[in-house]
There are 2 protein chains.
Amino acid sequence: MSKSTGFYSQPKHLVAVDCVVFGYEDDELKLLLYNRDLEPAKGSTSLVGGFVQEDESIEDAARRVLLEITGLENIFLEQVSAFSEVSRDLAERVISIAFAALIRVDEYNHELVKKMGAYWVPVKEVPQLIFDHNQMVDNALEFLQKKSSYDLTGKELLPDKFTLTELRLLYEAIFQRPFDPGNFRKKILSLNLLERLNEKDRQSSKKGAFYYQFKKNEEITIGDRIFKIH
Amino acid sequence: MSKSTGFYSQPKHLVAVDCVVFGYEDDELKLLLYNRDLEPAKGSTSLVGGFVQEDESIEDAARRVLLEITGLENIFLEQVSAFSEVSRDLAERVISIAFAALIRVDEYNHELVKKMGAYWVPVKEVPQLIFDHNQMVDNALEFLQKKSSYDLTGKELLPDKFTLTELRLLYEAIFQRPFDPGNFRKKILSLNLLERLNEKDRQSSKKGAFYYQFKKNEEITIGDRIFKIH
DNA sequence: CCAAAAGTGTTCGAACTACACCCATGA
DNA sequence: TCATGGGTGTAGTTCGAACACTTTTGG
């Protein structure tokens, strides 16, 4: 084991980041996974991740990993928690920080993702993952639910314009439960964060549903939780 | 810089834990600080912390540090977040995980704390701390407020028996705002987590206030947030 | 015309706020 | 007896849950 050769005489550790990447497609919440291409457990299913380098923070490392896999910059990214059981990695001791990331499926580079061997899996069908990655997924989903309770998620997962039904379906996917359409609509509009466009989506209904978009410059953090709606 | 000599060929890092230790005394929320006894910045004010060793998880490391300083085991301890800016430590690159800890002042070893050079400071008077420790304090306080919104904090900070006024004062200290005494009382009792003892505190009022204690075996996690009370 | 989704309105009840008011007792 | 904190009661309001109802339009 390596003791530091620098100022502090203390053990050093491998530090990794693992990203729980959420996307929303076909009315479903999905996760970006890939088949591990290095030993140990080569070929088994894993979150996307990588090791923290000397010249980068953990957030930088997570951003770098996501850029390499999706071609996207400026991804929504937030720390979930650190995992550090001594034997969590089968090969060597690795401390890993789990991140939650939100991806807009209309923006990421589909070819790049495919080339990197990554693929989307519905959160309801996440397979057995390597190490403690299933735990990371659970924590990240809980994180997403809390965030969505306070912050009106949608900007990060939906296209620029979307109908209120689409937003509701997203929330139903996140919380894994139905919301009353009428109540949902009223609650959302009362927040005053969206503006209606003079354009309708005509795909999903005969009447047509107005598109909405997030208002610019409304970085309001809502003091209280948004969602108690059933 | 040391590349791993083990399985993975990747850089290794110093990893530390820093504990934001909350205590409650004299109707005030306090933090346990100490004057740093090693360079760099020897003598400046700091959170209690230490380096993660090879055979321990970060939680183990935090527990070890707290045991060394307070003599207590089984302290409430939870991860807040990781800090990893490359130059956050003046001497060498250190990734640190901040923890929030809750201490009952009637339990910790006062002499030991004194001997270790640690001391309590009211949260409202926290001085300039080393590195990014003030940020850690802010995050930990926010953490404590969120926890207390959902979980009825008090078990971790108050003595076994306490009056509802004491509990209210604790909440006022945590949230830095007053609560209506009558409404607070009704809300708390409606949760059904406390039981009244046949014993009164006669110090603080002529009438005397009943002591309460947490019911045994009530590990109920409340689904919704507890506190909206004003 | 009718089915189906968009969108509005209405009622009920739970829960929080504000505040009045009674209680017990030591000085 | 009265000041003080403990403790109870209550009216008003807000807000979510449930659900009925209206609107629009393609088939």
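Note on naming: letters A, B, ... go to the chains in the order of the sequence lines (proteins, then strands), and numbering restarts at 1 for each one.
Ranking dG7(D), dG7(C), dT25(D) by closeness to the Arg185(A) side chain, first place goes to dG7(C). Residue Arg202(B) places its side chain closer to dG26(C) than to any other of dG6(D), dG26(C), dA18(D). Side-chain proximity of Lys206(B) to the nucleotides dG6(D), dA27(C), dA6(C) is greatest for dA27(C). With dC19(D), dA5(C), dT8(C) as the candidates, the nucleotide lying closest to the side chain of Ser205(A) is dA5(C). The Lys186(B) side chain lies nearest to dA18(C) when the options are dG27(D), dT8(C), dA18(C).
Ring centroid separation for the pair Phe162(B) and Phe214(B) comes in under the 6.0 Å cut-off.
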Show the numbers, then the answer: is there a side chain to side chain donor-acceptor pair (under 3.5 Å) between Tyr119(B) and Asn35(B)? CA-CA 9 Å; Tyr119(B) 50 89; Asn35(B) 294 326; 2.8 Å; yes
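In this structure, Arg36(B) forms no cation-pi arrangement with Tyr34(B), as its terminal cationic atom is not both closer than 6.0 Å to the ring centre and no more than 45° off the ring axis.
The interatomic distance linking Phe179(B) (CZ) with dC16(C) (C1') rounds to 13 Å, in whole Å. Between Leu197(A) atom CG and dA6(C) atom C1' the separation is 16 Å, expressed in whole Å. Phe210(A) has its CZ atom 10 Å from the P atom of dT24(D), to the nearest Å. One can place CD1 of Ile188(B) at 15 Å from C1' of dA15(C), the figure rounded to the nearest angstrom. Taking atom NZ on Lys187(B) and atom P on dA14(C), their separation rounds to 14 Å, with Å as the unit. In this structure, Asn183(B) places its CG atom 11 Å from C1' of dG9(D), rounding to the nearest Å. Atom NZ in Lys200(A) sits about 14 Å away from atom C1' in dA4(C), given to the nearest Å. If you take CZ of Phe184(B) and P of dG7(D), they are 13 Å apart, rounded to a whole angstrom.
Within 4.0 Å (heavy atoms only), Ser190(B) reaches no atom of the nucleic acid at all. No engagement by Thr163(A) is indicated, since no non-hydrogen atom pair under 4.0 Å with the nucleic acid exists.
Under a 4.0 Å N-O distance rule, the pair Lys161(A)/Asp201(A) does not qualify as a salt bridge. Ion pairing of Glu59(B) with Arg63(B) is absent here, as no side-chain N (NZ or NE/NH1/NH2) approaches a carboxylate O to less than 4.0 Å.
Put simply, the side chain of Lys207(B) and the base of dA24(C) share no donor and acceptor less than 3.5 Å apart.
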